[in-house]
Amino acid sequence: MMEKKFIKSLTIKELEDHFISLGEKKYRARQLMNWLYEKNVDSFQEMTNFSKELRGHLEDAFSARALEFVERLVSRIDGTEKYLFRTRDGAYIESVLIKSDVSEEGRLTACLSSQAGCAMGCRFCETAKLGFVRDLEAAEILDQLCHMRRISGQRNNNVVFMGMGEPFMNYDNVLRAADIMNYSFGFHISVRKITISTSGVRAGIERFIDERRPYNLAISLNDTEPEKRMRNMPVERGNPIADISAMLEKKFPASRNRLTVVYVMRQDNISSDDARRLKKMFRYNRVKLNLIPLNRGSHEYDSPTEEQVNRFVRELEIMNVPITVRKSFGSDIFGACGQLSGKKYTEICNSMAKDVQ
Ligand code: SAH
Ligand code: SF4
């Protein structure tokens with residue numbers, strides 16, 4: 001038997017066309033999205049304003065859920081929640097729900113995965129160690145949000161594609177999912193509250209700007225010297241940051257995106273020379289530098305001390321580089337940046353963190 005399609009991968013236009021082909025009215029598509037995203041139902045049988053026949057048809061052709069929920073861990077330190085999901089073909093992916101209302105007013109951020117595993121091989125990142133498994137479909141990206149809303153009972157107002165995987169290596173599905181979560185009759189998450197983070201895939205960044213995509217963009221820089229960056233982030237080889245920078249300089253001023261440059265601070269990339277090179281890179285308007293102290297993992301790097309972070313921050317401030325330092329959330333459940341690794345750490349964490357499910 002052919003596997004059923006995931007209904008959440010369909011755009012509103014595709015759903016409308018589908019209903020029309022069934023001899024149904026177009027507005028059914030919006031009703032369906034309301035069931036899927038607003039009411040967050042598990043099955044077509046719950047869609048009580050559809051006829052029995054229509055429910056039966058949808059049931060035969062589609063799956064309403066794209067992911068199976070496996071487990072939730074809750075951080076004792078800051079309440080961050082990490083979710084483990086299984087795909088239909090047995091891959092494991094993780095998502096994180098971060099309550100950052102300590103520093104920012106009522107913000108609830110969902111950190112989503114775009115791929116199972118990752119092919120980019122960054123040496124400081126736990127996801128890289130899994131290797132690449134496969135791209136996620138749009139429905140599998142959206143269902144992470146559906147499950148987290150259902151289980152936590154809370155609605156996130158912010159989305160970042162900073163979980164497992166490189167979003168721009170799965171461009172079509174990621175942008176399709178972002179567009180669907182923006183629909184006013186779906187999750188209605190504002191385009192300004194959706195951020196796509198890339199390790200620096202040039203073709204993807206250029207396409208994103210050329211297509212006038214309205215979402216925020218984050219680029220993970222992490223080193224200021226090309227040779228060193230190439231060692232730590234192999235993506236630099238075919239996608240030199242210098243080229244990306246030149247392309248951005250040309251195209252970015254006309255775009256309306258907000259751009260953040262992410263810099264993971266290790267002991268070996270926060271010298272005064274690094275600060276000076278960063279300063280040089282920041283000649284565009286509206287670009288913000290987001291500093292993240294390296295989180296622990298099975299890599300060979302050392303995290304900076306608080307004093308080293310403060311010194312680096314001061315140097316950048318003196319040079320007027322616009323910076324924010326990102327607080328690390330959920331480190332006790334291996335839910336912080338660069339720590340997502342499928343089910344690898346779940347058992348270790350189970351003995352450390354309480355599950356309040
Ligand atoms: N693949 C995309 C998005 C997912 S990675 C990207 O690389 O941008 C999300 C972020 O975690 C990236 O900014 C990455 O640089 C950062 N990161 C990776 N390993 C980390 C670690 N050990 N500590 C802190 N941040 C890390
Ligand atoms: Fe992939 Fe991002 Fe991790 Fe690099 S940092 S391996 S691109 S998930």
Side-chain angles (χ1 to χ4, degrees), residues 80 82 93-96 98 109-136 141 144 159-171 173-174 177-178 194-202 204-205 208 215-224 228-239 241 244 259-270 288-304 309 324-332 334-342 344-345:
T80 297
K82 183 170 82 164
I93 58 163
E94 290 179 310
S95 325
V96 187
I98 306 153
T109 299
C111 178
L112 305 183
S113 290
S114 57
Q115 298 179 311
C118 185
M120 307 311 281
C122 304
R123 276 171 57 176
F124 40 81
C125 173
E126 220 44 51
T127 308
K129 307 268 191 300
L130 296 174
F132 178 64
V133 182
R134 70 165 171 84
D135 285 335
L136 295 183
I141 296 170
Q144 296 170 50
V159 169
V160 294
F161 284 89
M162 295 185 188
M164 298 164 76
E166 167 49 55
F168 281 168
M169 295 302 274
N170 186 18
Y171 188 97
N173 293 334
V174 166
I194 298 175
T195 301
I196 299 176
S197 176
T198 176
S199 56
V201 178
R202 195 203 133 110
I205 299 171
F208 180 86
Y215 310 109
N216 304 322
L217 185 63
I219 299 178
S220 305
L221 178 65
N222 303 342
D223 269 297
T224 60
K228 202 163 154 191
R229 188 169 192 267
M230 214 181 281
R231 272 200 308 278
N232 291 321
M233 300 180 70
V235 65
E236 169 75 15
R237 199 169 299 278
N239 303 263
I241 256 319
I244 293 173
L259 176 62
T260 305
V261 171
V262 176
Y263 198 79
V264 176
M265 295 179 284
R266 315 182 304 261
Q267 290 220 349
D268 69 312
N269 69 349
I270 50 172
K288 208 175 57 181
L289 183 64
N290 194 193
L291 302 168
I292 315 175
L294 179 78
N295 292 310
R296 75 199 156 104
S298 54
H299 51 67
E300 76 262 39
Y301 301 94
D302 292 316
S303 304
V309 169
T324 51
V325 182
R326 196 187 295 174
K327 193 175 168 288
S328 171
F329 288 97
S331 54
D332 59 330
F334 266 76
C337 296
Q339 295 191 319
L340 301 186
S341 55
K344 181 176 161 193
Y345 284 101

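Each ligand, and each atom within it, is numbered from 1 in the order the structure gives. Since the model is a prediction, treat every value here as computed from it, not as a measurement. What's counted below: heavy atoms across the whole structure, side chains too, no hydrogens, waters or symmetry copies.
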*asked:* Just to verify, what does N173 make a side chain to side chain donor-acceptor pair (under 3.5 Å) with, not counting sequence neighbours?
replied: N170

*Where is the nearest protein heavy atom to atom 2 (C) of ligand 1: which residue, which atom, and how far?*
S197 O, 3.3 Å

*L136 side chain reached by S114 side chain, heavy atoms, under 4.5 Å*: no

*Start with the C-alpha distance between N295 and E126, add both sets of side-chain angles, then the distance that settles side-chain contact (heavy atoms from CB on, under 4.5 Å), and finish with yes or no.*
CA-CA 10 Å; N295 292 310; E126 220 44 51; over 6 Å; no

*Would you check whether F161 reaches within less than 4.0 Å of ligand 1, judged by its heavy atoms?*
yes

*Please report which non-hydrogen protein atom sits nearest to atom 20 (C) of ligand 1, along with the residue it belongs to and the distance in Å to one decimal place.*
G338 CA, 3.4 Å

*asked:* With heavy-atom distances below 4.0 Å as the criterion, list the atoms of ligand 1 near S199.
replied: 6 (C), 7 (O), 8 (O)

*What residues form a ring pair (Phe, Tyr, Trp, His ring centres under 6.0 Å) with F208, not counting sequence neighbours?*
F168

*asked:* I'd like to check which ligand 1 atoms, numbered from 1 as shown, lie under 4.0 Å from a non-hydrogen atom of C125.
replied: 18 (C), 19 (N)

*asked:* Please determine whether side-chain contact (heavy atoms from CB on, under 4.5 Å) holds for the pair Q144 and S113, giving the CA-CA distance in whole Å, both sets of side-chain angles, and the decisive distance to 0.1 Å.
replied: CA-CA 8 Å; Q144 296 170 50; S113 290; 3.9 Å; yes

*Report the nearest protein non-hydrogen atom to atom 16 (C) of ligand 1: residue, atom name, distance rounded to 0.1 Å.*
V264 CG2, 3.9 Å

*Could you give me the CA-CA distance, side-chain angles and deciding distance for N232 and N222, then say whether side-chain contact (heavy atoms from CB on, under 4.5 Å) is met?*
CA-CA 9 Å; N232 291 321; N222 303 342; over 6 Å; no

*Among protein heavy atoms, which sits nearest to atom 23 (N) of ligand 1, and what does the distance come to when rounded to 0.1 Å?*
N295 N, 2.8 Å

*Among all protein heavy atoms, pick the one closest to atom 15 (O) of ligand 1 and tell me residue, atom and distance.*
N222 ND2, 3.0 Å

*asked:* Once rounded to the nearest 0.5 Å, what's the spacing between atom OG of S303 and atom CZ of R266?
replied: 10.5 Å

*What's the spacing between M164 CE and I93 CD1 if we round to 0.5 Å?*
7.5 Å

*Quick one: look up the protein heavy atom nearest atom 6 (C) of ligand 1 and list residue, atom name and how far away it is.*
S220 OG, 3.5 Å

_Suppose I only count heavy atoms of E166 and a 4.0 Å limit; which atoms of ligand 1 are within that range?_
1 (N), 2 (C)

_Can you report which non-hydrogen protein atom sits closest to atom 11 (O) of ligand 1, along with the distance?_
C337 CB, 3.6 Å

*asked:* Out of all atoms in ligand 1, which are within 4.0 Å of some heavy atom of G163? Include the element for each.
replied: 4 (C)

*CG of N269 to CZ of R229: how many Å apart, nearest 0.5 Å?*
11.5 Å

*Flag F124 as yes when one of its N or O atoms lies below 3.5 Å from any N or O atom of ligand 1, and as no otherwise.*
yes

*asked:* Side chain or backbone, does G165 bring an N or O within less than 3.5 Å of an N or O on ligand 1?
replied: yes

_For the CG atom of N290 and the OH atom of Y263, what is their distance to the nearest 0.5 Å?_
13.5 Å

*Any idea which protein heavy atom is nearest atom 9 (C) of ligand 1, and the distance to it?*
M162 O, 3.5 Å

*Output, in order, the C-alpha distance, side-chain angles, deciding distance and verdict of side-chain contact (heavy atoms from CB on, under 4.5 Å) for D223 and M233.*
CA-CA 9 Å; D223 269 297; M233 300 180 70; 5.6 Å; no

*Which distance, rounded to the nearest 0.5 Å, do you find between the CG of L112 and the CD1 of I196?*
10.5 Å

*Return the set of residues passing salt bridge (Lys or Arg N to Asp or Glu O under 4.0 Å) with R134 (not counting sequence neighbours), or none when no residue passes.*
D89, E140

*Examine the proximity of ligand 1 to T198 and report which part, side chain or backbone, both or neither, has a heavy atom under 4.0 Å away.*
backbone

*With a cut-off of 2.8 Å, which protein N/O/S atoms are close to atom 3 (Fe) of ligand 2, if we only count those under it?*
C125 SG

*Assess A336 for proximity to ligand 1: is some non-hydrogen atom of it under 4.0 Å away?*
no

*Would R123 and E300 satisfy salt bridge (charged side-chain N to carboxylate O under 4.0 Å, His left out), going step by step from the backbone distance to the final call?*
CA-CA 8 Å; R123 276 171 57 176; E300 76 262 39; 2.6 Å; yes

